[in-house]
Amino acid sequence: MSKKQPAFGEFIREKRLAKGYSLRKFAELIDVSPTYLSLVEQGKVESPPTAERVRRMAEVLGENPDELMSLAGRMPEDLPGIIRSEPEEMPQLLRAAMGLTADQLKALAKHAKKLQKEGH
Amino acid sequence: MAKLPAKVERVPWVTDGSIEAEAETLFALWQKDHGEVAEPPVPVDDMIELQLNMRYEIDDLQKRFGHGDVLGAIWFNEQLIRVDRSLDPVEHPRMLGRYRFTLAHEIGHWQLHRRVFLRDETQMSLTSAADAAAFVCRSTDQAREEVQANTFAAFLLMPRDLIRRAWIKWRGTDDVVCVLDFDASTSPGSVKARQDAAMQRFSKPLAERFHVSAEAMTYRLEALGLLTRDRSLFG
């Protein structure tokens with residue numbers, strides 16, 4: 001079991017209560033059984049919910065899907081494909097970016113977008 | 001003949017009237033904070049988390065307690081209610097009535113018994129293990145606190161005014177229905193069985209709207225004087 005799951009479960013519980021959803025109501029909205037949702041909240045499931053399900057939770061709760069995905073211990077489903085698309089350079093880029101601050105990463109992403117607009 | 005020792009009860013005796021008042025008060029508070037409940041069912045799921053601010057979990061209680069008849073339990077200090085996953089109304093739709101009754105029953109413990117229990121907290125913590133629930137509720141338990149919680153559950157799930165309104169809407173009047181008048185003597189079975197079947201014919205439509213069992217609704221309709229099996233009461 002991922003260490004992140006208890007934090008994820010507790011986060012989901014707090015957010016849905018803040019939105020005024022009971023366990024049963026929220027389970028219905030994300031199309032799972034109340035038992036499954038409760039086990040997720042208690043951090044008692046074998047593996048985290050699927051990426052699609054986490055995305056649906058984020059949508060109903062108005063939370064950032066990538067953030068929720070990471071809290072759940074799930075990698076957003078497009079990332080493995082992106083890394084595989086440039087098997088040498090992409091991991092290099094990620095390793096080089098390790099340790100940068102959030103603001104520096106934002107600046108880097110902005111620069112990457114600019115490069116894309118200008119064409120290769 | 002030797003006298004049986006008096007059973008030691010954990011909670012004081014109270015009248016059904018005061019249990020009904022507790023249930024009505026909670027329902028009134030809910031409506032004040034969340035708007036009128038004009039139509040059944042009474043939202044007991046929501047009440048636990050959004051009105052009483054208690055923690056609510058569905059879990060494998062049979063595994064936790066090591067026997068098969070525990071459907072619900074309450075931990076007063078943790079403000080926590082757990083129900084057994086065999087009652088999940090999505091995984092097991094025919095358990096819906098049982099599920100809701102169990103939730104309402106645990107709410108009953110919270111409303112009726114938490115003061116008694118919390119006063120006893122030091123004593124209890126001496127005798128109970130860390131994970132021991134204050135009340136583990138078995139379907140067969142006839143201890144006073146269990147009977148009181150069942151009474152509370154019926155009052156909460158089937159409030160007097162809501163029942164009367166639903167009955168009038170359905171029947172067009174609040175006249176009492178005596179099942180003897182509807183007993184078709186051609187139908188099979190004993191008199192008692194035929195009466196029970198006739199009673200259920202009248203309680204079932206309302207039971208379905210209130211998300212309770214037909215048995216629970218039959219008791220409630222009898223108690224409210226809307227349904228009876230015995231005409232002599234009025235003769």
Side-chain angles (χ1 to χ4, degrees), chain A residues 1-63 67-69 71-74, chain B residues 26 30-35 37 41-64 70-73 75 78-104 106-107 131 156-157 211:
Chain A
M1 190 191 290
S2 153
K3 269 186 183 162
K4 284 191 166 171
Q5 276 184 47
F8 174 72
E10 198 51 42
F11 184 82
I12 291 293
R13 203 183 80 89
E14 275 169 24
K15 293 293 174 186
R16 72 163 169 81
L17 287 174
K19 289 254 168 194
Y21 296 132
S22 63
L23 180 80
R24 200 163 143 214
K25 180 72 194 166
F26 188 61
E28 191 188 317
L29 289 173
I30 60 169
D31 198 25
V32 298
S33 75
T35 299
Y36 179 74
L37 175 61
S38 189
L39 293 176
V40 167
E41 289 188 354
Q42 296 169 59
K44 280 190 180 171
V45 285
E46 293 282 317
S47 57
T50 61
E52 189 194 345
R53 202 137 270 157
V54 175
R55 202 167 286 288
R56 177 83 186 121
M57 289 180 181
E59 194 183 317
V60 174
L61 295 176
E63 294 293 320
E67 211 174 302
L68 211 58
M69 210 77 84
L71 204 55
R74 277 274 176 221
Chain B
L26 176 60
W30 170 265
Q31 296 191 94
K32 184 170 147 275
D33 293 347
H34 298 88
V37 178
V42 173
V44 283
D45 278 274
D46 299 11
M47 282 177 176
I48 292 178
E49 294 192 290
L50 305 174
Q51 185 71 33
L52 301 173
N53 298 316
M54 296 185 77
R55 214 180 163 88
Y56 172 52
E57 296 175 0
I58 302 177
D59 202 1
D60 192 338
L61 293 188
Q62 318 207 342
K63 204 159 112 191
R64 185 180 282 270
V70 180
L71 297 177
W75 285 256
E78 290 80 3
Q79 309 197 9
L80 167 67
I81 287 173
R82 286 197 179 106
V83 302
D84 187 64
R85 60 178 302 171
S86 66
L87 296 181
D88 184 319
V90 173
E91 289 181 2
H92 315 283
R94 51 176 199 90
M95 299 308 278
L96 180 64
R98 204 66 190 276
Y99 169 78
R100 286 169 46 77
F101 199 87
T102 301
L103 292 194
E106 301 305 332
I107 293 175
D131 191 42
L156 183 64
L157 293 166
H211 297 185

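Below, chains carry the letters A, B, ... as their sequence lines are ordered, and counting in each starts from 1. All heavy atoms count here, side chains included; hydrogens, waters and symmetry mates do not.
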| A:Glu28/B:Val90 under side-chain contact (heavy atoms from CB on, under 4.5 Å): CA gap, chis, key distance, verdict | CA-CA 9 Å; A:Glu28 191 188 317; B:Val90 173; over 6 Å; no
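Using a 4.5 Å heavy-atom threshold, the side chains of B:Asp45 and A:Lys25 count as separate. For the pair B:Leu50/A:Leu17, a side-chain contact is recorded, criterion being any heavy-atom separation below 4.5 Å from C-beta on. Between B:Arg85 and A:Leu39 there is a side-chain heavy-atom pair separated by less than 4.5 Å.
A salt bridge is defined here as a Lys NZ or Arg NE, NH1 or NH2 lying under 4.0 Å from an Asp or Glu carboxylate O, and B:Arg55 with A:Glu10 meets this definition. Remark: A:Arg13 does not engage B:Glu57 in a salt bridge, criterion side-chain N to carboxylate O under 4.0 Å. A salt bridge does not link A:Arg24 to B:Asp46: none of the charged nitrogens lies less than 4.0 Å from a carboxylate oxygen.
Between B:Ile58 and A:Gln42 the shortest heavy-atom distance is O-NE2, 3.1 Å.
Other residues, nucleotides and ligands place no more than 12 heavy atoms under 6.0 Å from the CG atom of A:Asp31.
Looking at B:Pro43, there are no atoms closer than 4.5 Å to chain A (heavy atoms on both sides), in backbone or side chain.
Remark: B:Tyr56 OH to A:Ser22 OG distance equals 9.0 Å, nearest 0.5 Å.
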